[in-house]
Amino acid sequence: MKIVVLVKYVPEPTATWKFAPDLTVDRAGVEGRLSELDEYAVEQATRLAESGAADEVVFLTVGPAKATEGLRKALAIGGTSAVHVVDDAIHGSCALGTSLVLAKALEKIGYDLVLTGMASTDAELSVVPSMVADRLGANQATFAGELSVDGSTVSIRRDTDVASERVSVSLPAVVSVTDQTGEARYPAFKAIMGAKKKPIQTMSLADLGVDAAQVGWSGASSKVVDVSPTPARTAGTIVNDDGTGAAQLADFLAGRGFI
Amino acid sequence: MSEVPRSAETTAAGVRKPTLELLTAARALGEPAAVVFGDASDQVVAQLAEYGATKVYAVGSPDMQAFLSLPKAEAVVQIAQASNPVAILVTSGPEGKDVAARVAVRLNAGIIPDATKVSVDGGTVSAVQTVFAGRFQATSQVLRAPAVVTMRPNATSAEAAPASASASSRSMWPSATQPGCQGRLPRAQGLQRGPNSPMPRWSSPGAVASARKMASASSRKTADALGAAVGASRTVTDQHWAPHELQVGQTGKTVALVYLAAGISGAIQHRAGMQSSKTIVVVNKDAKAPLFQIADFGVVGDLHAVLPASSTRSPGAGADRPDALTPPEH
Ligand SMILES: Cc1cc2nc3c(=O)[nH]c(=O)nc-3n(C[C@H](O)[C@H](O)[C@H](O)COP(=O)(O)OP(=O)(O)OC[C@H]3O[C@@H](n4cnc5c(N)ncnc54)[C@H](O)[C@@H]3O)c2cc1C
Ligand SMILES: Nc1ncnc2c1ncn2[C@@H]1O[C@H](COP(=O)(O)O)[C@@H](O)[C@H]1O
């Protein structure tokens with residue numbers, strides 16, 4: 001079984017984020033990293049390789065030149081090789097554009113199972129995996145809190161708002177995993193050094209046969225017209241509990257009509 | 001508003017509160033039609049009509065639930081192609097996201113996931129999303145109609161339509177031979193469903209969350225007094241002290257109305273789920289806990305001492321409980 005893991009290079013969540021004049025995240029000005037939520041997919045793929053269920057694990061990213069750093073981090077955790085789709089025309093792509101590029105790259109690389117994170121920690125859309133599945137005509141099982149593969153069947157557990165589901169689908173399939181699947185291992189020094197020797201292939205839109213007009217700004221189906229910081233909350237009353245803390249809290253809740 | 005759009009579609013899996021919120025939001029865009037996955041009983045149709053639906057599409061087959069998202073998405077696509085709506089609204093959530101994503105690909109339409117507000121101006125739909133772990137509000141315009149928007153539950157309120165209409169209902173189900181179905185209507189090979197916990201109660205717009213295992217009994221008592229749900233931080237769900245669906249945060253639920261955090265530090269990923277709550281109350285023994293910075297009211301103290309007595313007010317204090325805090329559904 002060949003697994004391709006989709007990994008995104010994102011701004012560090014705790015950094016001070018800036019926006020470029022075109023209202024995209026200023027990725028050059030902010031420190032980046034492999035999306036923490038994609039590390040769970042990397043870990044699952046690595047476990048499937050260790051258990052013998054997968055014989056090849058490839059990491060795939062669509063992103064700027066610096067996104068190679070994210071691929072190196074993934075390769076330090078596991079995997080055999082990586083593919084980096086990088087092209088200036090991709091800048092400004094919406095989820096539709098990104099999913100098109102990912103799907104074309106997946107067709108070129110070949111796959112039985114595509115693993116992804118549940119959401120990117122920057123855009124937080126949780127739609128790219130289903131979009132990729134739709135474009136590939138592959139089955140889909142999203143938001144897996146647990147994952148197992150048996151022959152050509154992949155089974156997951158997922159929690160919806162009203163139920164806990166166990167779903168099995170046949171390969172080829174796209175599966176997104178949540179942070180319930182288990183922390184990614186911390187790569188040892190030797191693994192980090194070893195990752196530098198694993199091959200990373202770069203591809204352009206031309207290599208994938210994607211028309212530049214379908215992606216980036218020209219192909220975008222929506223545009224951000226305003227980004228503003230969430231209004232800062234002014235800190236309210238903070239009291240020290242001298243024995244009356246509970247009563248003061250109850251009075252506050254009652255004052256707002258909650259109790 | 002210079003031009004009134006023809007209609008807005010609403011997909012819905014039964015009439016849960018988020019569905020009624022969708023219909024309320026859709027009325028501001030045009031004339032809503034509702035799409036129900038499964039049976040649309042007379043009672044369901046009547047309730048959808050009360051919230052403004054003028055048409056109800058029942059998309060179903062007897063074993064509806066076993067199907068993966070493709071046939072559901074294809075049904076919505078067919079309805080959209082026939083009725084040319086200005087927007088397609090879906091409730092955010094695992095299935096809503098799957099369906100919306102496929103619909104956007106098939107219609108090559110702009111998609112705005114997890115919107116908290118949606119509006120239309122001159123036929124162009126805009127929506128507001130909270131991005132980057134809740135730190136920014138982004139407003140986006142959809143350039144290719146129809147706008148596919150998934151709405152966060154509890155972000156808007158559900159209000160019955162001023163003049164209640166009657167809705168006509170129509171059943172449909174795509175067939176595998178249609179081009180959009182790729183010759184198949186994939187289903188899950190093994191599908192088991194069970195309630196995920198005795199009390200998920202996530203229709204509730206408020207929560208009392210606690211990081212400490214010992215606090216859960218007092219949390220529940222306080223939550224009951226507030227008519228709110230019990231929540232948890234990831235520290236708690238990772239330790240299996242509480243089921244995952246109670247987790248609040250970036251990879252958990254979002255709280256809209258009132259949030260009481262006891263023994264939670266306030267990491268950015270946790271804040272993502274609660275910082276837009278209208279009222280925030282914090283109890284923590286560490287005066288430097290970051291969550292105090294966004295608290296409307298805070299008590300520096302031991303939660304074991306503060307929480308149990310926190311819902312008993314002193315005589316004479318307070319106002320009447322507002323309607324907004326409706327009791328939980330389950
Ligand atoms: C990609 C990603 C996604 C994440 N998603 C989420 C998410 O959705 N939700 C989430 O919660 N976290 C999430 N996290 C984890 C998050 O970063 C924090 O680790 C977590 O929120 C910390 O939980 P905590 O505040 O309960 O625990 P701690 O950081 O351990 O804080 C415990 C607090 O309790 C106080 N305390 C202890 N005992 C008492 C007492 N007796 N009385 C009063 N106060 C007491 C302490 O002073 C302290 O402030 C995510 C992390 C990552 C990387
Ligand atoms: N540019 C990208 N490159 C590689 N994978 C991506 C990219 N964008 C999204 N993904 C994958 O899709 C998942 C969901 O992303 P999103 O829909 O943006 O929240 C992520 O966790 C990644 O696994």
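Chain letters run A, B, ... following the sequence lines, proteins first and then strands; every chain starts at 1.
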Can you see which heavy atom on [X] is nearest to which on [Y], and at what distance?
X: B:Ser69; Y: A:Gln140; value: OG-OE1, 2.6 Å
X: B:Ala138; Y: A:Val224; value: CB-CG1, 4.4 Å
X: A:Thr230; Y: B:Phe136; value: OG1-N, 3.4 Å
X: B:Arg144; Y: A:Gly219; value: NH1-O, 3.0 Å

| field | Heavy atoms from other residues, nucleotides or ligands near CD of A:Glu12 exceed 12 (cutoff 6.0 Å) | value | yes
| Heavy atoms of other groups near A:Asp242 CG, more than 12 under 6.0 Å | yes
Does a side-chain heavy-atom distance below 4.5 Å link [X] with [Y]?
X: B:Arg234; Y: A:Asp179; result: yes
X: B:Val299; Y: A:Ile238; result: no
X: A:Lys223; Y: B:Val142; result: no
X: B:Thr251; Y: A:Thr178; result: no
X: B:Thr139; Y: A:Val227; result: no
X: B:Leu143; Y: A:Ser221; result: no
X: B:Val300; Y: A:Asp241; result: no
X: B:Val281; Y: A:Leu253; result: yes

Could you give the distance from [atom1] ([X]) to [atom2] ([Y]), rounded to the nearest 0.5 Å?
X: A:Ser130; Y: B:Asp98; atom1: OG; atom2: CG; answer: 3.5 Å
X: B:Gln250; Y: A:Glu36; atom1: CD; atom2: CD; answer: 8.0 Å
X: B:Asp296; Y: A:Thr237; atom1: CG; atom2: OG1; answer: 8.5 Å
X: B:Phe297; Y: A:Arg256; atom1: CZ; atom2: CZ; answer: 10.5 Å
X: B:Ser140; Y: A:Asp226; atom1: OG; atom2: CG; answer: 9.5 Å
X: B:Ile111; Y: A:Met131; atom1: CD1; atom2: CE; answer: 4.5 Å

| request: May I ask you to list the residues in residues 282-290 of chain B that approach chain A closer than 4.5 angstrom, counting heavy atoms only, ordered by number? | output: B:Val283
Picking from [options], which has the most non-hydrogen pairs under 4.5 angstrom with chain A?
options: B:Ala267, B:Ala109, B:Ala100; value: B:Ala109
options: B:Arg187, B:Arg106, B:Gln129, B:His244; value: B:His244
options: B:Gly301, B:Ala305, B:Ala295; value: B:Ala295

| request: State plainly whether the residues A:Glu124 and B:Lys97 are in salt-bridge range, i.e. N to O under 4.0 Å. | output: no
| Is the closest basic N to carboxylate O distance between B:Arg135 and A:Asp122 below 4.0 Å? | no
| task | Without swapping roles, check the side chain of A:Arg233 against the backbone of B:Ser276 for a donor-acceptor pair under 3.5 Å. | result | no
